[in-house]
J.: 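After the structure tokens below, expect a handful of questions from me.
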There are 2 protein chains.
Amino acid sequence: MTIAEVCKRCGVTADTLRYYERVGLIPPVGRTRGGIRDYTETDVNWITFIRCMRSAGLQVSALVRYVALFRKGDASLPARKAILVQQRALLAKRLENLRDVLGRLDAKIANYEERCAVWERKHLRK
Amino acid sequence: MTIAEVCKRCGVTADTLRYYERVGLIPPVGRTRGGIRDYTETDVNWITFIRCMRSAGLQVSALVRYVALFRKGDASLPARKAILVQQRALLAKRLENLRDVLGRLDAKIANYEERCAVWERKHLRK
DNA sequence: CTAGCATGTGGAGTGGACTCCAGGTCAAGC
DNA sequence: GCTTGACCTGGAGTCCACTCCACATGCTAG
């Protein structure tokens, strides 16, 4: 699969895909004799996974550590799990906070609803 | 209240407080004759609010717009409400995504739990 | 009144995560 | 063989949200 096809499928730019590979966010991608990247379905799965985690705010550095461990084989299973568990905890904390802030925002909006209504009545009467 | 006291109360650095004021993330803070910032309780409330929203990822630019409108008085109520509503929608979307990613992460961890156990049995037997 | 610490300002620097660019290959159609 | 468009690499640039710095001034304790 060419980089352009992967871009389309995953909704990322070629620059981003090359960047991901360069910093180790995904394992190295195979090449044709000409040196052109030839993505496999497995590569696409990695990209999808990384995009998913990044979309939730997991740091590149943590994911890089994860991918590096992955490349060392089964002996790294516990270490990889540890990373996931730790990231999960961070994520849960942020989720909790977002929930809380959303609540506050809703309260504030309700308040505005009120005040806007009052303000409009005042101006209609005028 | 001095900037140092506000720092302690709000858990931010003085640099950050000055930065917030400089870019308009909070309304201008009053000064003593000597030119030193003298925060009121209202100022602290603003800082708390901004910190809260920032912690949920609302962009500085959106909050700056909000604060700027606030300073224009009641006529800006509807515009301010519009910003809040829009930001709330974005936040809800991100919340939804975090929830989803958390679920995937949990599934992945459960999978690791399994595979780690297998791996350990293999190594204990050895 | 002076030492010394808290604050002030304007501006430069940082870290994270891309994003863009120049200058050079590769490959498919004519 | 040649043109043309996709791809390559290494490195520089961008954006965001702070964070740090240097140097100047304010205030308080002795």
Side-chain angles (χ1 to χ4, degrees), chain A residues 1-26 28-40 43-44 46-68 87 90-91 94 97 101, chain B residues 1-26 28-40 43-44 46-68 87 90-91 94 97 101:
Chain A
M1 209 180 316
T2 74
I3 199 168
E5 285 163 336
V6 178
C7 288
K8 203 158 290 176
R9 272 187 58 181
C10 299
V12 286
T13 68
D15 272 321
T16 298
L17 288 182
R18 294 195 202 100
Y19 164 73
Y20 279 4
E21 188 177 348
R22 186 148 44 93
V23 300
L25 261 182
I26 56 173
V29 174
R31 308 298 183 102
T32 64
R33 310 117 238 114
I36 292 201
R37 288 179 181 76
D38 186 16
Y39 292 84
T40 65
D43 292 325
V44 171
W46 269 108
I47 294 162
T48 307
F49 168 66
I50 290 297
R51 287 253 98 198
C52 174
M53 294 302 136
R54 287 286 307 122
S55 79
L58 274 73
Q59 293 197 339
V60 167
S61 58
L63 294 168
V64 165
R65 270 183 287 134
Y66 178 81
V67 174
Q87 294 302 313
L90 292 175
L91 187 50
R94 278 186 299 129
N97 184 247
V101 175
Chain B
M1 209 178 319
T2 73
I3 199 168
E5 286 163 336
V6 178
C7 288
K8 203 158 291 175
R9 272 186 59 180
C10 299
V12 285
T13 69
D15 272 322
T16 299
L17 288 181
R18 295 195 201 99
Y19 164 72
Y20 279 4
E21 187 177 349
R22 188 149 41 95
V23 301
L25 219 32
I26 56 172
V29 174
R31 308 298 182 101
T32 65
R33 306 117 241 116
I36 293 201
R37 288 179 181 78
D38 186 16
Y39 292 84
T40 66
D43 292 327
V44 172
W46 269 109
I47 294 161
T48 307
F49 169 66
I50 290 297
R51 288 253 98 196
C52 175
M53 294 302 136
R54 287 286 307 122
S55 79
L58 273 74
Q59 293 196 341
V60 167
S61 58
L63 294 167
V64 165
R65 270 183 288 133
Y66 177 80
V67 174
Q87 294 301 313
L90 293 175
L91 187 49
R94 280 187 298 130
N97 184 246
V101 175

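Order of the sequence lines sets the chain letters (A, B, ...), proteins ahead of strands, with each chain counted from 1.
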J.: Please report the interatomic distance CZ(B:R31) to CD1(B:I36), rounded to the nearest 0.5 Å.
T.: 9.0 Å
J.: Would one find a side-chain N or O of B:T13 under 4.0 angstrom from OP1 or OP2 of D:dC18?
T.: no
J.: Under 4.0 Å: is that the gap between some side-chain N or O of B:T32 and OP1 or OP2 of D:dC27?
T.: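 Answer yes for this pair, as a side-chain N or O of B:T32 is under 4.0 Å from OP1 or OP2.
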J.: Between D:dC16 atom P and B:L58 atom CG, what is the distance in whole Å?
T.: 15 Å
J.: Set out, line by line, the N/O atom pairs under 3.5 Å between protein and nucleotides 1-6 of chain D.
T.:
none

J.: Please report, rounded to the nearest Å, how far the C1' atom of C:dT7 is from the OH atom of B:Y39.
T.: 10 Å
J.: Between B:T16 and D:dT19, is there a side-chain N or O to OP1/OP2 distance below 4.0 Å?
T.: yes
J.: Want to settle it: does B:R54 or B:R33 sit nearer the 5' end of DNA chain D, counting the closest nucleotide to each?
T.: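 This one resolves to B:R54.
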J.: Think A:Y19 has a side-chain N or O under 4.0 angstrom from the OP1 or OP2 of C:dC20?
T.: no
J.: Drop me the distance from A:R94's CZ to A:L90's CG, to the nearest 0.5 angstrom.
T.: 7.0 Å
J.: Using a cut-off of less than 4.0 Å, is there contact between a side-chain N or O of B:R37 and OP1 or OP2 of C:dT7?
T.: no
J.: Starting from C1' on C:dC18, measure out to CD on A:Q59 and report it in whole angstrom.
T.: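 Whole-Å distance recorded here is 14 Å.
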J.: Base, sugar-phosphate or nothing for A:R18? Non-hydrogen atoms, less than 4.0 Å.
T.: base
J.: It should be established whether A:Y20 places a side-chain nitrogen or oxygen under 4.0 Å from OP1 or OP2 of nucleotide C:dA17.
T.: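 No, outside the criterion.
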J.: Does B:T40 offer a backbone N or O that forms a donor-acceptor pair with the side chain of B:D43 under 3.5 Å?
T.: yes
J.: Table please: side-chain donor-acceptor pairs of residues 3-15 of chain B below 3.5 Å, with sequence neighbours left out.
T.:
| unit_1 | atom_1 | unit_2 | atom_2 | d |
| --- | --- | --- | --- | --- |
| B:E5 | OE1 | B:T2 | N | 2.9 |
| B:R9 | NH1 | B:E41 | OE2 | 3.1 |
| B:R9 | NH2 | B:E41 | OE2 | 2.6 |
| B:T13 | OG1 | B:T16 | N | 3.1 |
| B:T13 | OG1 | B:T16 | OG1 | 2.9 |
| B:D15 | OD1 | B:R18 | NH1 | 3.4 |

J.: Mind checking the SG-CD1 spacing from B:C52 to B:I47? Nearest 0.5 Å is all I need.
T.: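 So the SG of B:C52 and the CD1 of B:I47 are separated by 14.0 Å.
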J.: Can you check the B:E21 CD to C:dG10 C1' distance for me, whole Å?
T.: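 After rounding, the gap between these two atoms is 15 Å.
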J.: Out of C:dC20, C:dG11, D:dA17, which has the shortest distance to the side chain of A:D15?
T.: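 Closest nucleotide among those given: C:dC20.
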J.: Could you give the CG-to-P distance, from B:L25 to D:dC18, as a whole number of Å?
T.: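 It is 7 Å, rounded to the nearest whole Å.
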J.: Closest heavy-atom contact between B:V60 and B:L25?
T.: O-CD1, 3.7 Å
J.: Which whole-number value in Å describes the distance from B:M1 CE to C:dA6 P?
T.: 19 Å
J.: Could you state the CZ-C1' distance from B:R31 to C:dG8, rounded to the nearest angstrom?
T.: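 Those two atoms, CZ and C1', are 8 Å apart.
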J.: Please check: side-chain N/O of B:Q87 versus main-chain N/O of B:A62, any donor-acceptor pairing under 3.5 Å?
T.: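 No, B:Q87 side chain to B:A62 backbone: no donor-acceptor pair under 3.5 Å.
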J.: Select from B:A14 and A:G34 the residue whose nearest nucleotide in DNA chain C is closer to the 5' end of that strand.
T.: B:A14
J.: With rounding to the nearest 0.5 angstrom, report the OH to CD distance, A:Y39 to A:E21.
T.: 5.5 Å
J.: Whole-Å distance between C:dT9 P and B:L17 CG?
T.: 13 Å
